[in-house]
Amino acid sequence: MVDDLCHELAGETSCYIFIDDFHLLTDRRASTFLCMLANRLPVNVHLIVASRDRFVPAAETVRLGAKAYQIGTEQLRLNHTELAVYAHRCGTDLSDAQVESLLYSSEGWFSAVYLNLRTLSERGVLPSRNSDIYTTFTAAMIDPLPEKQREFLAVMGLADEFTHDEGVRRAQLSYNGEGDAATLLGALRPVV
């Protein structure tokens with residue numbers, strides 16, 4: 001299978017294979033397969049695997065060498081300079097003290113930085129260092145929703161991930177049949 005895949009994908013055109021939520025595949029054979037594939041891929045094919053935890057055994061990481069690049073939290077969070085540049089590109093010039101405060105409260109995570117900059121835009125001040133990012137998130141993302149959707153999210157928020165059909169089934173069981181669970185779930189699902 002690996003040989004056939006590599007043969008079909010080989011060529012001049014770059015090809016990117018992206019696998020998200022790899023942590024949901026718990027069988028070790030999946031990571032073994034991906035490592036075998038990565039070692040054989042033609043130069044025009046790139047394999048990107050996103051996972052919440054480390055999935056490649058240390059020995060395989062050594063074998064993959066320069067073919068593997070792991071992205072950790074230090075690459076996903078903004079540092080002081082990056083945060084200042086990002087804020088500037090968003091149309092907001094912050095003082096060094098404001099950047100430092102925002103870095104402290106957001107830990108450099110994009111979503112938290114965005115919500116803080118949104119608060120600054122709406123209220124004219126950044127949230128204090130003691131502010132709760134969950135309150136900011138709720139105010140920006142949950143509070144604007146209609147009451148039925150807010151109630152639905154409160155019930156469904158306990159599930160980490162689920163398919164549409166599984167979500168409808170869970171919603172119907174835990175939402176006590178109030179309203180149309182499938183319609184509520186569809187309204188809350190992001191458009192891709």
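The figures that follow rest on heavy atoms only: side chains count, while hydrogens, waters and symmetry mates do not.
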So, for [X] and [Y], which heavy atoms are closest and what is the spacing to 0.1 Å?
X    : Y    : result
N44  : G11  : CG-O, 3.2 Å
L94  : A87  : CD1-CB, 3.7 Å
L120 : L126 : CD1-N, 3.7 Å
G108 : V113 : C-CG2, 4.2 Å
R77  : E107 : CD-O, 3.1 Å

Under a single-linkage rule joining Ile, Leu, Val, Met, Phe, Trp and Tyr whose side-chain heavy atoms are separated by less than 4.5 Å, which residues share a cluster with V43?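 Same cluster as V43: nobody, lone residue.
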So which residues get pulled into V85's cluster when ILVMFWY side chains under 4.5 Å apart are joined, directly or through others?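 Direct or chained contacts put V85 with none.
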side-chain contact (heavy atoms from CB on, under 4.5 Å) between L76 and W109, worked out: CA-CA 7 Å; L76 296 174; W109 293 109; 3.9 Å; yes
Who passes side chain to side chain contact (heavy atoms under 4.5 Å, CB included) against [X], sequence neighbours left out?
X    : result
D20  : F18, A50
S95  : A97, Q98
F110 : L78, Y86
L9   : L5, C15, I17, V45

Could you tell me which residues satisfy ring-ring contact (aromatic ring centres under 6.0 Å, His included) with F22, sequence neighbours excluded, listed by chain and number?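 With sequence neighbours excluded, F22 shows a ring-ring contact (aromatic ring centres under 6.0 Å, His included) to F55, given in chain and number order.
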N79/E82 under side-chain contact (heavy atoms from CB on, under 4.5 Å): CA gap, chis, key distance, verdict: CA-CA 5 Å; N79 63 31; E82 294 165 336; 3.3 Å; yes
For residues [X] and [Y], determine if any side-chain heavy atom of one lies less than 4.5 Å from a side-chain heavy atom of the other.
X   : Y    : result
D21 : H23  : yes
N39 : L37  : no
V99 : L102 : no
I19 : I48  : no

Considering residues at least two apart in sequence or located in another chain, which fulfil the side-chain hydrogen bond (donor to acceptor under 3.5 Å, both in side chains) criterion with H88?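 For H88, the residues satisfying side-chain hydrogen bond (donor to acceptor under 3.5 Å, both in side chains) (neighbours in sequence not counted) are D93.
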Mind checking what makes salt bridge (Lys or Arg N to Asp or Glu O under 4.0 Å) contact with E12, not counting sequence neighbours?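 E12 satisfies salt bridge (Lys or Arg N to Asp or Glu O under 4.0 Å) with no other residue.
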Using 0.5 Å steps for rounding, measure from the [atom1] atom of [X] to the [atom2] atom of [Y].
X    : Y   : atom1 : atom2 : result
Y114 : C90 : OH    : SG    : 9.0 Å
R63  : M36 : CZ    : CE    : 11.0 Å
N116 : T92 : CG    : OG1   : 11.5 Å

What verdict does the side-chain contact (heavy atoms from CB on, under 4.5 Å) test give for S106 and L83, after you've listed the backbone C-alpha separation in whole Å, the side-chain angles of each residue and the deciding distance to 0.1 Å? CA-CA 10 Å; S106 69; L83 191 132; 4.2 Å; yes
What pairs meet the salt bridge (charged side-chain N to carboxylate O under 4.0 Å, His left out) rule with one or both residues in residues 27-47, with sequence neighbours excluded?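 Only D3-R40, D27-R29 qualify under salt bridge (charged side-chain N to carboxylate O under 4.0 Å, His left out).
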If hydrophobic clusters are built by linking Ile, Leu, Val, Met, Phe, Trp and Tyr wherever their side-chain heavy atoms come under 4.5 Å apart, do L25 and M1 end up in the same one?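 Yes, because L25 and M1 connect within a single hydrophobic cluster, where side-chain heavy atoms sit under 4.5 Å apart.
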